[in-house]
Asker: 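First the structure, then my questions, so here it is.
Please read all numbers here as calculations on a predicted model, not as lab measurements. Within every chain, numbering begins at 1; the chains are lettered A, B, ... in the order of the sequence lines, protein sequences first and strands thereafter.
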There are 2 protein chains.
Amino acid sequence: MTRQAAPKRYHHGDLRNALIKAGTRLLRDHGVAGLTLRTVAKRAGVSHTAPYRHFPDKVSLLAAIATVGFEQLSAALTEVVVTHADDPAKQFIEAGIAYVLLAVRNPETAHLMFGGGSLDLKDADQTLELAGKRAFEDLVRIVENGLRAGIYRDGDAEKLALVAWAHAHGLATLIIAGRIKDAASSEQQVIELTRYVCQTQLSGMLNNTSVN
Amino acid sequence: MTRQAAPKRYHHGDLRNALIKAGTRLLRDHGVAGLTLRTVAKRAGVSHTAPYRHFPDKVSLLAAIATVGFEQLSAALTEVVVTHADDPAKQFIEAGIAYVLLAVRNPETAHLMFGGGSLDLKDADQTLELAGKRAFEDLVRIVENGLRAGIYRDGDAEKLALVAWAHAHGLATLIIAGRIKDAASSEQQVIELTRYVCQTQLSGMLNNTSVN
DNA sequence: ACCTGAACACCGTTCAAGT
DNA sequence: ACCTGAACACCGTTCAAGT
């Protein structure tokens, strides 16, 4: 909606957002290796030193991009909770699917969000760290819903959420890394595989024995 | 054993291995950002163009380093199987611990092994892809041991192994990314957390209901 | 306050030579 | 066969200037 009427030139404008947008596109199309500060600047129509007026570092721009990713994740999780407000088990499974789908659709951004390695963006950027914690809290809330409904065996919501996160995250990472190409080529296959994984996971946490 | 008597200069020698060794150390000490082909060459005592006689690419050197990582993982998994030859459930849990420990101790290498993103080393290097598949087969074998012993509910070894892998991998990735600092600061905590996660996971796969 | 241009140190890679 | 040195195009970052 707001994109169509964009000005064709900003000799000055909200460059900061333009840089984030250009960086995100560059990341998606050419990978993190193709995301250079100089080309980002060129795409935004400014000189290659202009970004330093808005980001102290290249890392800071990357952190801003990853922050957007976490915000999208939070939004997706919140929507899952709202859609299945009366079914905490379904919330759990659909949250996993939403997580994996988001990662599979934006592999480069996901890589940035959980990079690990020495690319510890989050150590350098508080905003990013906060956004990540917020997304985790959304997941904790889903588990708490299940605890309130009494469907889980254990009682530590944070710990259970951690397990669940590890599960979805691991699956997403393996798919992104292309290590499950046989079983996860189409998006429909990804959804079904994730559902299977989350259900197995849920079986280990459930109070009752019967599982379908 | 073989390191002590190393020659002080190799005007010629087995440079290829020297480069891998220097690269591994550089990766561990200064991260992937600090691993530059030029400094690797300097550490090995050769000019910065000499590596091109042994690796067509910087990516190829990285792939060689990651391959070593997968071989270490295979070795660790094999040792777990041998040590707990009569207890497939324990094999499962100890394998997860071995996996996570290896990743936590060599985070940069792990990052290389499962990079995902556009750093798809494995698409460019067959040796690396083979080593990765071999490590996965070791895990499949562990699950097959459990199937033979009849402790699992489901019957598809590959699928169960995939789930298990996703689990351990996700946990390792989250720890490396520093997203669980509270619950996994010491190595002992990492072990206990991993044990908890793997046991929960195992509970979802087990045939019987009783879990300790 | 925001942007530009020249400049610096660094990197991956290539190529004509050297031994 | 294996290694070197100069060279090229590129990058992140800095800084004195411009408006």
Side-chain angles (χ1 to χ4, degrees), chain A residues 7-27 29-66 108 112 115 117-121 123-125, chain B residues 6-23 25-27 29-66 108 112 115 117-121 123-125:
Chain A
K8 291 194 176 181
R9 302 173 188 170
Y10 15 45
H11 278 292
H12 68 110
D14 65 332
L15 181 55
R16 199 191 129 94
N17 276 320
L19 291 171
I20 293 179
K21 196 175 292 185
T24 304
R25 273 219 321 179
L26 225 41
L27 182 67
D29 295 343
H30 302 283
V32 66
L35 170 41
T36 140
L37 217 46
R38 288 170 111 107
T39 61
V40 168
K42 196 173 293 177
R43 293 287 178 92
V46 292
S47 91
H48 63 270
T49 60
Y52 287 89
R53 211 43 57 175
H54 300 273
F55 299 98
D57 237 326
K58 180 185 183 182
V59 167
S60 297
L61 174 61
L62 295 179
I65 294 175
E108 303 287 346
L112 229 55
S118 54
L119 250 177
D120 45 2
L121 303 178
D123 282 357
D125 190 300
Chain B
K8 291 194 172 180
R9 302 173 188 169
Y10 17 43
H11 278 294
H12 69 110
D14 64 333
L15 181 55
R16 199 192 130 94
N17 276 319
L19 292 171
I20 293 180
K21 197 175 290 184
R25 273 217 324 178
L26 226 42
L27 182 67
D29 296 342
H30 302 284
V32 66
L35 171 40
T36 140
L37 217 45
R38 287 171 110 106
T39 61
V40 167
K42 195 173 293 176
R43 293 289 178 90
V46 292
S47 91
H48 62 270
T49 60
Y52 287 88
R53 211 43 54 174
H54 299 272
F55 299 97
D57 237 327
K58 180 185 182 182
V59 166
S60 297
L61 175 61
L62 295 179
I65 294 174
E108 303 287 347
L112 228 55
S118 53
L119 251 177
D120 46 3
L121 303 179
D123 282 357
D125 190 300

Asker: What nucleic acid atoms does A/H54 come within less than 4.0 Å of, heavy atoms only: base, sugar-phosphate, or nothing?
Answerer: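 Sugar-phosphate: the residue A/H54, judged by heavy atoms under 4.0 Å, touches backbone atoms but no base.
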
Asker: Say you draw a straight line from CG of A/L26 to CG of A/L61; how long is it, rounded to the nearest 0.5 Å?
Answerer: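 If we round to the nearest 0.5 Å, A/L26:CG and A/L61:CG are 10.0 Å apart.
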
Asker: Between D/dC3, C/dG12, D/dG12, spot the one nearest the side chain of B/Y52, thanks.
Answerer: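 For the B/Y52 side chain, the nearest candidate turns out to be C/dG12.
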
Asker: I need the CG-C1' distance between B/L26 and C/dG12, as an integer number of Å.
Answerer: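 In whole Å, C/dG12 C1' lies 15 Å from B/L26 CG.
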
Asker: Any strand counts, and the cut-off is 3.5 Å on both contacts for Watson-Crick or G-U wobble. Which nucleotide pairs with D/dC2?
Answerer: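 Looking at the geometry, D/dC2 pairs with C/dG18.
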
Asker: Atom CG of A/L37 to atom P of C/dT4: distance rounded to whole Å?
Answerer: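 To the nearest whole Å, that distance equals 13 Å.
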
Asker: Once you round it to whole Å, what is the distance between P of D/dC10 and NE2 of A/H48?
Answerer: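 Atom NE2 in A/H48 sits about 13 Å away from atom P in D/dC10.
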
Asker: What's the CG-P distance between A/D57 and D/dG12, to the nearest Å?
Answerer: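 Value for this atom pair: 11 Å.
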
Asker: Kindly compute the distance separating CG (B/L19) from CZ (B/R53), expressed to the nearest 0.5 Å.
Answerer: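 Interatomic distance, B/L19 CG to B/R53 CZ, rounded to 0.5 Å: 13.0 Å.
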
Asker: In whole Å, I'd like the distance from the CG atom of A/L61 to the P atom of D/dT13.
Answerer: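 It works out to 11 Å between those atoms.
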
Asker: If you define the side chain from C-beta out and look only at heavy atoms, does anything of B/L62 sit under 4.5 Å from B/L35?
Answerer: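 They are in contact (side-chain heavy atoms under 4.5 Å apart), so the answer is yes.
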
Asker: Expressed as a whole number of angstroms, how long is the span from B/L15:CG to D/dT4:C1'?
Answerer: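 Result: 13 Å.
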
Asker: Distance check needed: C/dC3 C1' versus A/F55 CZ, whole Å only.
Answerer: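 Whole-Å distance recorded here is 16 Å.
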
Asker: Got a second to check how far B/T36's OG1 is from B/R43's CZ, nearest 0.5 Å?
Answerer: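 CZ of B/R43 is found 10.5 Å from OG1 of B/T36.
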
Asker: What is the pairing partner of C/dT13, taking Watson-Crick or G-U wobble pairs with both distances under 3.5 Å in any strand?
Answerer: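 Pair assignment: C/dT13 / D/dA7.
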
Asker: The side chain of A/A50 lies closest to which of these nucleotides: C/dT13, D/dC11, C/dT4?
Answerer: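 Among C/dT13, D/dC11, C/dT4, the one nearest the side chain of A/A50 is C/dT4.
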
Asker: With respect to the side chain of A/V46, which nucleotide from C/dT13, C/dT4, D/dG12 is positioned closest?
Answerer: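 Nearest nucleotide to the side chain: C/dT4.
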
Asker: Tell me the interatomic distance from B/L35, atom CG, to C/dC10, atom P, rounded to whole angstroms.
Answerer: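 It works out to 17 Å between those atoms.
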
Asker: Find which nucleotide of DNA chain C each of A/R53 and B/T36 is nearest to by heavy atoms, and output the residue with the more 5' nucleotide.
Answerer: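 On the 5' side of the pair lies A/R53.
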
Asker: Would you mind telling me which residue lines up with the more 5' stretch of DNA chain C, A/T49 or A/R38, judged by nearest nucleotide?
Answerer: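 It is A/T49, whose closest nucleotide lies nearer the 5' terminus.
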
Asker: Atom CG in B/D14, atom NE2 in B/H54: separation rounded to 0.5 Å?
Answerer: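 Rounded to the nearest 0.5 Å, the CG-NE2 separation comes out at 9.0 Å.
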
